[in-house]
Asks: 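One structure is given below, represented as structure tokens, and several questions about it will come after.
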Amino acid sequence: MSTGGKLMNNDIEMPDLMIYAMASEIKNFETVLHGVSSPLPVLAMSVARKTHAPDMAYISGAEGVDPEVDRVYPSSFDARMNRNAVGYFGLHEAFDLAQRGELNVMFLGAAQIDRYGNTNLSVIGDIDQPKVQLPGGAASAFLMPITPKVVIWITRHSKRVFVDEVDFVTGQGYNNRAEAYKKNELVVISSLGVMNFKNSDRVMQIQSYHPGHTLDEIKENTGFDLLVAPDVAETPAPSKEVIDLIHNVDTDGVRWTEFR
Amino acid sequence: MSTGGKLMNNDIEMPDLMIYAMASEIKNFETVLHGVSSPLPVLAMSVARKTHAPDMAYISGAEGVDPEVDRVYPSSFDARMNRNAVGYFGLHEAFDLAQRGELNVMFLGAAQIDRYGNTNLSVIGDIDQPKVQLPGGAASAFLMPITPKVVIWITRHSKRVFVDEVDFVTGQGYNNRAEAYKKNELVVISSLGVMNFKNSDRVMQIQSYHPGHTLDEIKENTGFDLLVAPDVAETPAPSKEVIDLIHNVDTDGVRWTEFR
Amino acid sequence: MKKVLTSLDEAARLVRDGDLVTTGGATFHRAPMEFVRELVRQGKKNLSLVDREPAMDFDLLIGAGCVAKIRAGMLAFEGLGLAPNFRKKSEAREIITKEGACQPIIAGFRAAAMGLPSLPVKGMLGSDLLDISEEIGGYKQVEDPFTGEKMIAVRAIQPDLAVIHVQKADEYGNVRIEGPVYEDVIKAKAAKTVVVTAEELIPNSEFRKMPEATTLPHFIVDAVVEAPKGAYPCSCFNYYDVDYDHIKEYLRVAAKGQLKGYLDKYVYWGKTDE
Amino acid sequence: MKKVLTSLDEAARLVRDGDLVTTGGATFHRAPMEFVRELVRQGKKNLSLVDREPAMDFDLLIGAGCVAKIRAGMLAFEGLGLAPNFRKKSEAREIITKEGACQPIIAGFRAAAMGLPSLPVKGMLGSDLLDISEEIGGYKQVEDPFTGEKMIAVRAIQPDLAVIHVQKADEYGNVRIEGPVYEDVIKAKAAKTVVVTAEELIPNSEFRKMPEATTLPHFIVDAVVEAPKGAYPCSCFNYYDVDYDHIKEYLRVAAKGQLKGYLDKYVYWGKTDE
């Protein structure tokens with residue numbers, strides 16, 4: 001498997017930058033879960049624990065608690081990623097944790113996302129006559145409104161993904177959330193920047209642009225008007241140490257899967 | 001601990017006779033649970049499995065599945081009674097089994113019982129000003145209406161126990177059951193006989209009188225009018241083999257506890 | 001305990017056309033692939049399949065024409081790609097796809113496992129998934145009787161049959177699962193009939209030596225089949241890892257619309273005497 | 001993982017007067033007796049206690065004057081007799097007794113463990129127990145939103161604190177329970193604060209060698225206390241059996257109204273420096 005060429009300047013590869021940005025969303029002592037098809041979250045959680053969040057609780061989609069991940073596999077449920085886990089915790093138990101409000105951070109994907117943070121992982125076209133049958137939203141509809149922080153990662157920032165209106169609301173954005181769930185935080189980390197919804201209208205705004213990219217480039221590749229946070233800045237780049245951590249764990253380059 | 005004198009003629013001790021009658025309520029292949037404070041049910045289940053019901057599923061209140069009970073203890077949750085169990089099955093799992101309709105037989109106690117099979121294990125006197133605070137009904141209110149067969153064992157057949165009206169309905173008799181639950185079977189095994197409710201009015205009737213006892217004796221010790229089943233007969237006495245089984249397991253005579 | 005050991009052929013005959021079926025494991029891990037292959041060989045029709053996050057097991061059944069309806073939280077081949085037959089037949093409306101979300105599907109299984117007609121979940125409000133009506137695992141918005149909190153009640157999902165591939169079983173149906181258990185205990189309790197395929201049969205005495213390792217007691221299980229390599233090409237923890245190359249071959253063949261060749265080679269080969 | 005190892009004294013200070021508390025184990029097995037004795041020594045007041053089938057742990061707290069309210073499915077000393085202090089103080093109306101039934105109490109814990117405001121149960125209909133109103137674990141008759149079936153909804157029971165005595169733990173709060181688990185996992189998930197007292201502290205590396213034996217992961221547990229013989233005179237599976245003679249002595253003393261002597265001998269002795 002190719003470990004890919006340089007997709008960014010500064011000699012920082014895009015997966016590494018996204019993984020570092022995702023890791024940065026995790027605070028120490030937080031309880032974090034990853035799900036299916038999640039090599040980037042696996043690596044982000046591993047990086048966070050080895051750097052600024054040594055005391056986080058790491059719950060693997062493969063059910064291991066605090067495993068020592070020493071290799072990444074095409075399946076995020078591969079039990080080899082439970083190596084040296086301290087115990088097992090089933091996904092239904094993790095979902096109970098979410099219902100109790102004790103799961104702090106979850107990583108989810110999206111095939112489409114709109115300005116309110118609604119995500120679509122279900123169908124392109126009409127649900128009863130789909131042009132493209134997508135895989136399904138997995139835990140999105142359940143976790144997006146109730147998890148204190150949900151991080152959506154998107155490896156291809158384009159107008160096909162960042163759309164004016166999603167074809168189907170799989171995961172709920174702020175305009176589709178029940179009142180009780182409005183305060184839970186949503187962060188979008190794409191191949192171009194980091195977006196949040198920290199404004200009075202709860203619409204997407206650019207929090208940071210990745211090194212080598214610009215606000216204009218992000219806006220041009222987005223199918224709706226993107227706001228810009230007052231304190232917008234460049235996304236912090238990962239250190240050599242962090243990059244080595246990623247490359248030493250993901251020797252097979254599974255992190256590149258979603259970028260091809 | 002004394003293993004007691006002879007309480008019955010025919011050289012059969014009363015616990016042995018009651019245990020055998022209780023064991024006879026279990027059919028082969030049935031799934032059976034015992035609860036707390038249950039030396040007689042423990043022995044009845046052990047006898048059944050070693051005689052006519054070798055394929056029954058035995059769920060211990062101590063959570064062992066199909067244990068080989070070789071001694072009986074004052075606590076029915078004593079884990080020493082899980083010896084050689086094939087697995088563990090928690091009480092909440094057994095209750096789920098009951099809710100699914102897959103728990104076939106349960107043994108329960110009663111401080112008072114009336115003609116409809118209502119049992120009281122809560123208070124003597126008024127619930128808000130009890131004369132006697134009883135221990136509580138444990139699983140009675142939950143299991144009595146939904147378990148296909150509930151066996152109530154009563155070691156002292158007297159007017160104090162078999163009352164015209166229970167002071168408090170802990171476990172539901174037929175007149176207090178929701179319609180959906182009316183068909184579940186209730187059997188009462190006392191120190192004098194075996195009673196059931198297999199008549200159109202669903203009131204208690206004598207199914208059998210124990211060897212050495214009479215219908216009149218049972219009626220005289222009952223605080224309401226007891227019917228008599230058309231096919232009333234003498235309660236079958238346990239064989240020497242069954243008695244030996246009981247005595248070899250309960251060498252300490254824990255079965256006598258409730259008779260003193 | 002009664003003996004429930006049987007053949008793969010007999011166990012698969014417990015599945016009737018039109019049944020609601022769920023499979024153990026998750027994506028490529030402990031999927032009951034040998035049982036799935038036997039269902040294909042027996043030519044099952046109109047199955048309804050339900051699971052949280054299935055993968056090749058469901059896609060193969062769909063590709064082989066055994067399936068009328070799918071309900072899943074997600075059905076894909078993880079990093080290897082989309083589920084080719086699921087996608088093709090769903091887009092062609094040859095199967096009915098009712099997307100669930102993971103938690104409601106688990107809640108539906110849990111309700112059935114607990115003997116309850118339904119179970120409430122949080123979240124879900126605002127998702128278009130709530131508008132996808134479904135007889136099993138369907139949704140209703142309710143208010144909690146104590147707090148008034150808006151909840152989504154999920155109807156119980158009671159599969160006609162759950163088939164679970166495990167590491168160890170005995171002839172009575174006692175089961176030991178090693179490593180991740182997923183929802184397999186819940187599914188087994190939820191289903192009307194439970195078939196277990198096992199890498200290895202071990203004596204009952206082995207269960208009695210280590211009762212704390214027993215995952216399912218015998219009275220939950222209706223049939224046990226000895227099936228070494230029964231999850232292949234998926235993984236079976238402590239026995240073998242995923243054969244990612246085999247799965248990629250499946251994807252390549254399926255993408256070219258040549259599933260028949262795959263079926264001949266891996267499903268029917270050596271079993272064509274019937 | 002963060003270190004949560006602390007002293008018995010500090011852990012017991014997590015219990016505030018008036019708290020709703022539940023204890024692990026069942027009747028005479030893995031009851032957290034040393035923690036209970038510490039609660040007595042610290043002179044806790046007005047506790048509400050809730051459990052499925054407690055025994056001496058609750059009776060001792062009642063006898064020592066720590067308790068205002070009891071909710072249990074059954075509270076007795078099994079074959080050894082009735083619970084003397086529970087009976088006496090309940091009949092004297094010095095404590096409020098709200099009998100639950102086992103299943104609703106478990107369902108209340110389960111609801112809290114699942115993060116739900118309530119959970120329905122079957123049975124119960126027709127029992128006078130439904131008329132005993134209660135803020136926590138209270139009942140309402142409901143109809144299932146799909147089937148219309150009459151069910152009893154049980155309000156979630158979220159203890160302020162659950163204290164569970166276990167065989168093994170590490171300094172981070174990872175817990176290994178051996179033998180019967182009872183509702184201890186459910187209670188730990190249900191409670192706001194979880195204290196674990198352990199026969200033995202073992203290194204974290206031991207948990208990592210056998211993760212399938214981990215009963216509670218560290219993030220569920222708030223405090224760990226090393227407490228050898230911490231269930232005595234109750235049993236701790238694999239460590240010691242019930243001391244039935246000690247419990248009989250307690251019953252004899254309590255029956256004579258001489259609990260103070262028992263407390264001096266077994267609770268305060270050697271700990272009277274405070």
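Letters A, B, ... are given to chains in the order of the sequence lines, protein chains preceding strands, and every chain is numbered from 1.
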Asks: To the closest 0.5 Å, what do you measure between CD1 (D/I106) and CD (B/E93)?
Replies: 10.5 Å

Asks: What is the distance from atom CE of D/M124 to atom OG of B/S140, rounded to the nearest 0.5 Å?
Replies: 10.0 Å

Asks: Answer yes or no: is there a side-chain heavy-atom contact under 4.5 Å between B/V36 and D/T27?
Replies: yes

Asks: Heavy-atom cut-off 4.5 Å, strictly under: side chain, backbone, both or neither for B/Q133 against chain D?
Replies: both

Asks: If you count heavy-atom pairs under 4.5 Å between each of B/P145, B/A178, B/G137 and chain D, which one has the most?
Replies: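 Going by pairs under 4.5 Å, I would pick B/G137.
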
Asks: Checking D/S127 side chain against B/G171 main chain: does a donor-acceptor pair fall under 3.5 Å?
Replies: no

Asks: For chain D, which residues from residues 94-119 of chain B lie under 4.5 Å away (heavy-atom distances)?
Replies: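 Under the 4.5 Å heavy-atom cut-off, B/F95, B/D96, B/Q99 qualify.
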
Asks: Considering only heavy atoms, which portion of B/Y88 lies under 4.5 Å from any heavy atom of chain D: side chain, backbone, both, or neither?
Replies: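 Only the side chain of B/Y88 comes within 4.5 Å of chain D.
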
Asks: Report yes if the side chains of B/H92 and D/F109 come closer than 4.5 Å at any heavy-atom pair, otherwise no.
Replies: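 SC-SC contact between B/H92 and D/F109 ruled out.
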
Asks: Tell me, do D/E91 and B/V132 make a side-chain contact under 4.5 Å, heavy atoms counted?
Replies: yes

Asks: Would you call the rings of D/Y244 and B/Y73 parallel, tilted or perpendicular, taking 30° and 60° as the class edges?
Replies: parallel

Asks: Heavy-atom pairs under 4.5 Å with chain B - which of D/E149, D/E183, D/K88, D/E99 has more of them than the others?
Replies: D/E99

Asks: Check whether D/F237 gets within reach of chain B through its side chain, its backbone, both or neither, counting any heavy atom under 4.5 Å.
Replies: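 The side chain, not the backbone.
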
Asks: Any side-chain heavy atom of D/D128 sitting closer than 4.5 Å to one from B/S122?
Replies: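 No; the side chains remain at least 4.5 Å from each other.
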
Asks: Side chain from CB out, backbone as N, CA, C, O: work out which of these in B/A138 comes under 4.5 Å of a heavy atom of chain D, or both, or neither.
Replies: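 For B/A138, heavy atoms of backbone and side chain both lie under 4.5 Å from chain D.
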
Asks: Within this structure, what is the NZ-OH distance for the pair D/K150 and B/Y181, rounded to the nearest 0.5 Å?
Replies: 10.5 Å

Asks: Would you say the side chain of D/L129 lies within less than 4.5 Å of the side chain of B/F168, judging by non-hydrogen atoms?
Replies: yes

Asks: Among the options B/L143, B/I146, B/T170, pick out the one with the most heavy-atom pairs lying under 4.5 Å from chain D.
Replies: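 Most heavy-atom pairs within the cutoff with chain D belong to B/T170.
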
Asks: Answer whether the closest heavy-atom distance between the side chains of D/E78 and B/P74 falls below 4.5 Å.
Replies: no

Asks: Just wondering, do D/R93 and B/P130 contact through their side chains at under 4.5 Å, heavy atoms?
Replies: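 Yes, side chains in contact.
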
Asks: Distance from D/L82 atom CG to B/L134 atom CG, nearest 0.5 Å?
Replies: 7.5 Å

